[in-house]
Colleague: 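I have a structure here, written as structure tokens, and I will follow up with some questions on it.
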Amino acid sequence: MKTKQKYIVTSALTYANGYTHLGHIAGSLLPADIYVRYRRLNGDDIIYVCGSDEYGTAIEMSAIKEGVSPTEIINKYHEANKKSYADLGISFDIYSRTSNPSHTETAREFFKVLYDKGILYEKTDQQLFSEKENRFLADRFIEGTCPVCGYEEARGDQCENCGSSLSPLQLINPKSKISGDTPVIKDSKQLYFPLSKYQDDLNQWLSAKKNWKPNVINYCKGWFKTGLQDRAVTRDLDWGIKVPIDKYKDKVIYVWIEAPVGYISATKDLFTERGEPDKWKEYWQQPDTKLIHFLGKDNVIFHAIIFPAMLMAHGDYVLVDNIPANEFLNMGGEKFSKSKGIGSVVKDVLKVYEPDIIRYAIASNMPENKDTEFNWEDVVNKNNNELAAILGNFVNRVVVFTKSKFDNVVPAKHHETQNEIFDEIKKAADLISSHFEKFRFKDALTETMNCARMANKYFNDNEPWNLIKNNQDKCAGVLNNCIQIIHSLGILFSPFIPFTSDKILNVLNKDMSVFTWDKIGEEVLKSGHRLGENHILFPQLELPKQTESAEQNQLITIDEFSKVKLKTAKVLSCEAVPKSKKLYKLKLKSGNIEKQIVSGIAEHYSPEDLIGKIVVIVDNLKSAKLMGIESQGMLLAAKNGSSLKIITVDGGMTDGANVS
RNA sequence: ACCGGAGUAGCUCAGCUGGUUAGAGCGUCGGAAUCAUAAUCCGUAGGUCGGGGGUUCAAGUCCCUCCUCCGGUACCA
């Protein structure tokens with residue numbers, strides 16, 4: 001018997017310094033989960049590992065700031081994020097953590113192999129040392145005067161005032177951010193990994209990767225062009241894994257060297273839990289295992305260059321097979337950030353929306369090729385117009401019909417009913433498979449939803465509500481087909497919205513026995529089988545008021561307001577824009593300047609109402625084209641529901657006056 | 001600064017190695033239908049593909065340049 005292809009899938013470890021936000025989900029968790037679920041439906045031999053990344057300066061810093069120990073920080077966020085992922089249906093085989101003793105051991109062992117092989121070398125560099133604290137200070141623990149602009153609170157790595165990149169040694173009058181102590185310069189010996197020596201091997205290895213995303217490949221090629229730099233792999237920090245060599249035992253392993261090894265440790269933990277402590281080797285140490293890293297674009301260099309180089313140096317492990325890196329998910333034009341936007345944190349989002357709705361909304365707008373936009377209106381619209389209207393409605397209309405006309409039992413097959421629908425669905429499933437193989441999840445989802453559209457069309461075209469009156473047997477056959485299709489849809493959708501698939505099985509009163517990819521388009525429910533109780537899969541949603549009030553409450557400063565130049569202007573002419581219901585093209589005079597503004601007020605005013613009026617305009621708005629007509633500003637109006645009134649001044653004012 | 005990526009219909013996005021009239025979903029407008037969560041199905045309109053040059057019989061797709069946005073590079077993780 002042929003041995004099955006083995007897969008290891010990883011999502012980038014989550015840094016346990018804050019709550020997971022939707023950007024992480026879009027970048028690495030959700031695509032990996034979708035992929036893994038698809039593979040499992042195919043019966044593939046796949047393990048999905050992830051965990052918390054729990055060492056490094058940032059966590060130490062947070063701990064100091066909050067006045068707690070690093071352990072408290074990581075425990076809090078590890079548990080919280082693990083729960084968020086579970087609630088969202090991310091189906092890890094294991095979600096481990098780098099603070100586990102097993103990881104410490106694995107990382108130290110890995111490090112020691114590199115050292116014993118003579119790969120690492122020592123180099124002395126200069127660092128700032130606080131005698132009061134008796135420790136070396138990492139860049140972000142240092143503050144001082146910027147040598148370029150004189151800003152007094154420049155950080156050790158960069159001046160926020162002038163943007164200059166700095167090294168802590170350049171700072172004038174450096175101070176420890178922790179104690180305020182003035183550090184001294186001290187020599188420190190560090191171990192380095194000779195990344196530059198691996199450039200040729202890496203280049204050759206990467207050149208053979210024909211099916212990688214071009215942006216990932218190009219990015220690496222760019223690195224080769226400038227030449228890889230050797231990297232320090234030790235740090236003078238407290239919060240980390242101690243270097244396993246006596247001479248350096250007061251140092252820790254640099255977190256980016258140690259963290260990726262966490263994928264290996266997590267796999268060990270997994271099989272230890274399963275009582276097969278050596279089985280991890282069958283994955284990590286078999287050359288034909290496919291290792292796939294899912295991650296965001298900020299992580300590419302570590303997974304495509306540094307980690308593979310380390311694995312090459314070590315020699316015992318499989319190298320990554322593919323890195324389907326995603327771009328970023330933005331929210332309201334801004335990128336996700338832990339410091340702002342409460343709504344973007346997974347645990348909060350799940351208080352408002354069902355996990356499948358979030359999964360669907362993100363999957364359908366996944367940043368596969370470029371940064372994408374995400375907003376709550378989209379989520380609501382996709383729920384109402386796609387999940388509820390197309391998928392939910394199909395299931396509901398079939399089940400309700402079956403209940404009222406066929407006593408909630410799968411009706412008998414009929415020889416006259418068209419069965420091409422099953423072929424179409426199988427064809428679609430093949431296409432969807434090929435999208436999954438290429439990591440094209442958005443396309444896969446589009447095609448999946450198209451299957452639900454096909455189902456609705458089949459129902460519409462056969463008009464069972466008419467058949468029931470004049471050809472009951474045929475009607476039964478159509479409904480039988482529809483019920484089989486629901487089961488297929490349950491399978492097809494399960495990588496994306498697994499909770500819904502469970503609900504579908506409940507509605508069908510069916511177990512998981514034939515819930516596999518090869519059963520798509522098959523007739524798996526026998527006539528006479530009694531259906532379960534019907535449930536609305538996706539209730540209609542309204543846009544939460546929260547979002548609106550959050551926007552309203554956002555305060556601005558007087559400086560920000562003064563950026564908006566408001567002026568009075570006189571309406572010289574006004575005409576309707578052809579083919580538009582709402583738009584008028586207005587010519588206005590503001591002082592000596594004439595402007596053309598396109599404004600959406602045609603439903604509320606007639607042109608003659610407006611001509612001669614003194615109105616208020618935004619004078620310095622970037623010009624834009626509306627219906628192909630240039631608009632050089634904006635006319636202010638008050639709007640409440642369907643009522644709209646333009647803003648005018650309280651009489652006796654000329655055009656061209658400033659409004660403030 | 002340098003390296004990589006992105007700028008395509010009102011909105012959110014596809015467009016693989018250059019090749020017939022630039023695609024999808026939503027939204028818009030119109031029609032059919034009424035079993036269904038007023039949910040479905042069919043059709044319509046809408047783009048000088050960021051600006052400007054160039055190569056080619058042919059460019060959204062290749063080259064140059066400019067503008068805007070994102071990520072990376074600094075022992076930040």
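By convention in this document, chain letters (A, B, ...) are assigned in the order of the sequence lines, proteins followed by strands, and residues within each chain are numbered from 1.
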Colleague: Less than 3.5 Å apart, any donor N or O on the side chain of A:Ser188 or A:Gln190 sitting next to an acceptor on the other?
Modeller: yes
Colleague: Treating primed atoms plus P, OP1 and OP2 as sugar-phosphate and everything else as base, which nucleotides of nucleotides 30-38 of chain B get B, S or - for protein heavy atoms under 4.0 Å?
Modeller: ---SSBBB-
Colleague: Does A:Glu368 reach the side chain of A:Asn326, with side-chain heavy atoms less than 4.5 Å apart?
Modeller: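 Yes, close enough: below the 4.5 Å cut-off.
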Colleague: Assess the side chains of A:Thr124 and A:Asp187: does a donor N or O sit below 3.5 Å from an acceptor N or O?
Modeller: no
Colleague: Is the cationic atom of A:Lys297 (NZ for Lys, CZ for Arg) positioned less than 6.0 Å from the six-membered ring centroid of A:Phe328 and within 45 degrees of its normal?
Modeller: yes
Colleague: Examine B:A24: is either OP1 or OP2 under 4.0 Å from a nitrogen or oxygen in the side chain of A:Arg453? Give yes or no.
Modeller: no
Colleague: Which whole number of Å gives the distance between the P atom of B:G46 and that of B:C57?
Modeller: 33 Å
Colleague: How close or far is atom P of B:G25 from atom CD of A:Glu447, stated in whole angstroms?
Modeller: 11 Å
Colleague: Which helical stems does RNA chain B take part in, if a stem means at least 3 consecutive Watson-Crick or G-U pairs with both distances below 3.5 Å?
Modeller: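 For RNA chain B the paired stretches long enough to count as stems (3 pairs minimum) are B:1-7 with B:67-73, B:10-13 with B:23-26, B:29-32 with B:40-43, B:50-54 with B:62-66.
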Colleague: Assign each of A:Asp53 and A:Lys221 to its nearest nucleotide of RNA chain B by heavy atoms, then name whichever residue's nucleotide is nearer the 5' end.
Modeller: A:Lys221
Colleague: Over how many whole Å does the gap from A:Ile305 atom CD1 to B:C3 atom C1' extend?
Modeller: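 The distance from CD1 of A:Ile305 to C1' of B:C3 comes to 11 Å, rounded to the nearest Å.
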Colleague: Between A:Arg231 and A:Phe193, is NZ or CZ placed under 6.0 angstrom from the six-membered ring centre and within 45° of the ring axis?
Modeller: no
Colleague: How many whole angstroms separate atom CG of A:Leu228 from atom P of B:G4?
Modeller: 14 Å
Colleague: Just checking, any donor-acceptor pair under 3.5 angstrom between side chains of A:Asn480 and A:Gln484?
Modeller: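 Yes, A:Gln484 and A:Asn480 have a side-chain donor paired with an acceptor closer than 3.5 Å.
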Colleague: Taking B:U65 as the reference, what is the distance to B:C11 when you measure between their C1' atoms (whole Å, please)?
Modeller: 31 Å
Colleague: Rounded to whole angstrom, note down the P distance from B:U21 over to B:C63.
Modeller: 24 Å
Colleague: When you check every protein heavy atom under 4.0 Å of nucleotides 59-66 of chain B, what one-letter string (B, S, -) results, 5' to 3'?
Modeller: --------
Colleague: Quick one: do the A:Tyr121 and A:Asp230 side chains pair a donor with an acceptor below 3.5 Å?
Modeller: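 Looking only at side-chain atoms, A:Asp230 and A:Tyr121 do form a donor-acceptor pair, the distance falling under 3.5 Å.
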Colleague: Answer with base, sugar-phosphate or nothing: what part of the nucleic acid does A:Lys297 contact at a heavy-atom distance below 4.0 Å?
Modeller: base
Colleague: Does the side chain of A:Phe459 reach to within under 4.5 Å of the side chain of A:Cys482, using non-hydrogen atoms?
Modeller: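 They are in contact (side-chain heavy atoms under 4.5 Å apart), so the answer is yes.
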Colleague: Rounded to whole Å, please give me the gap between CG in A:Asn326 and P in B:G5.
Modeller: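 Value for this atom pair: 17 Å.
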Colleague: What is the distance, rounded to the nearest whole Å, between atom CG of A:Leu445 and atom C1' of B:C26?
Modeller: 14 Å
Colleague: Reckon A:Glu377 touches a base, only the sugar-phosphate, or nothing at all at heavy-atom distances under 4.0 Å?
Modeller: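 Here A:Glu377 touches no strand at all.
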Colleague: Not counting sequence neighbours, list each pair that qualifies as a side-chain hydrogen bond (donor to acceptor under 3.5 Å, both in side chains) and has a residue in residues 438-448 of chain A.
Modeller: A:Arg440-A:Asp443
Colleague: What protein N or O atoms touch nucleotides 7-13 of chain B N or O atoms at under 3.5 angstrom, if any, and at what distances?
Modeller:
| unit_1 | atom_1 | unit_2 | atom_2 | d |
| --- | --- | --- | --- | --- |
| B:U12 | O2' | A:Asn365 | OD1 | 2.9 |
| B:U12 | O2' | A:Asn365 | ND2 | 3.0 |
| B:C13 | OP1 | A:Glu373 | N | 2.2 |
| B:C13 | O5' | A:Asn365 | OD1 | 3.3 |
| B:C13 | O3' | A:Lys442 | NZ | 2.6 |
| B:C13 | O2' | A:Lys442 | NZ | 3.4 |

Colleague: Taking B:C49 as the reference, what is the distance to B:A59 when you measure between their C1' atoms (whole Å, please)?
Modeller: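 My reading of the C1' atoms in B:A59 and B:C49 gives 11 Å.
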Colleague: Nearest whole Å is fine: how far is B:G71 C1' from A:Phe302 CZ?
Modeller: 13 Å
Colleague: Over how many whole Å does the gap from A:Asn330 atom CG to B:G5 atom C1' extend?
Modeller: 13 Å
Colleague: Would you measure the distance from the C1' atom in B:U34 across to the matching atom in B:C41 and give it in whole Å?
Modeller: 12 Å
Colleague: Using the P atoms only, state how far B:C64 lies from B:C2, rounded to an integer number of Å.
Modeller: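 Pairwise P distance, B:C2 against B:C64, rounds to 14 Å.
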Colleague: When the P atoms of B:G10 and B:G50 are compared, how many Å lie between them, rounded to an integer?
Modeller: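 It comes out at 13 Å once rounded to the nearest Å.
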Colleague: Can you sort out the partners of A:Tyr458 under ring-ring contact (aromatic ring centres under 6.0 Å, His included), two or more places apart, ordered by chain and number?
Modeller: none
Colleague: With a 4.0 Å cut-off, would you call A:Lys382 and A:Asp378 a salt bridge?
Modeller: no
Colleague: So, A:Thr14 and A:Asn81: side-chain donor and acceptor under 3.5 Å apart, yes or no?
Modeller: no
Colleague: Of A:Asp53, A:Ile74, A:Ile241, which meets side-chain contact (heavy atoms from CB on, under 4.5 Å) against A:Thr98?
Modeller: A:Asp53
Colleague: Would you say the side-chain atoms of A:Arg453 and A:Asn450 include a donor-acceptor pair closer than 3.5 Å?
Modeller: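 Note: A:Arg453 and A:Asn450 side chains meet the donor-acceptor criterion.
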Colleague: Roughly how many Å is it from CG in A:Asn385 to P in B:G27, rounded to a whole number?
Modeller: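 It works out to 4 Å between those atoms.
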Colleague: If you measure from the P atom in B:G19 to the same atom in B:G4, how many Å do you get, rounded?
Modeller: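 The same atom, P, in both gives a distance of 24 Å.
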Colleague: Ignoring backbone atoms, test whether A:Asn381 places a side-chain nitrogen or oxygen under 4.0 Å from the OP1 or OP2 oxygen of B:G27.
Modeller: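 Negative; the distance criterion is not met.
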Colleague: Under a 4.0 Å threshold between the charged nitrogen and the carboxylate oxygen, would A:Glu327 count as salt-bridged to A:Lys370?
Modeller: no
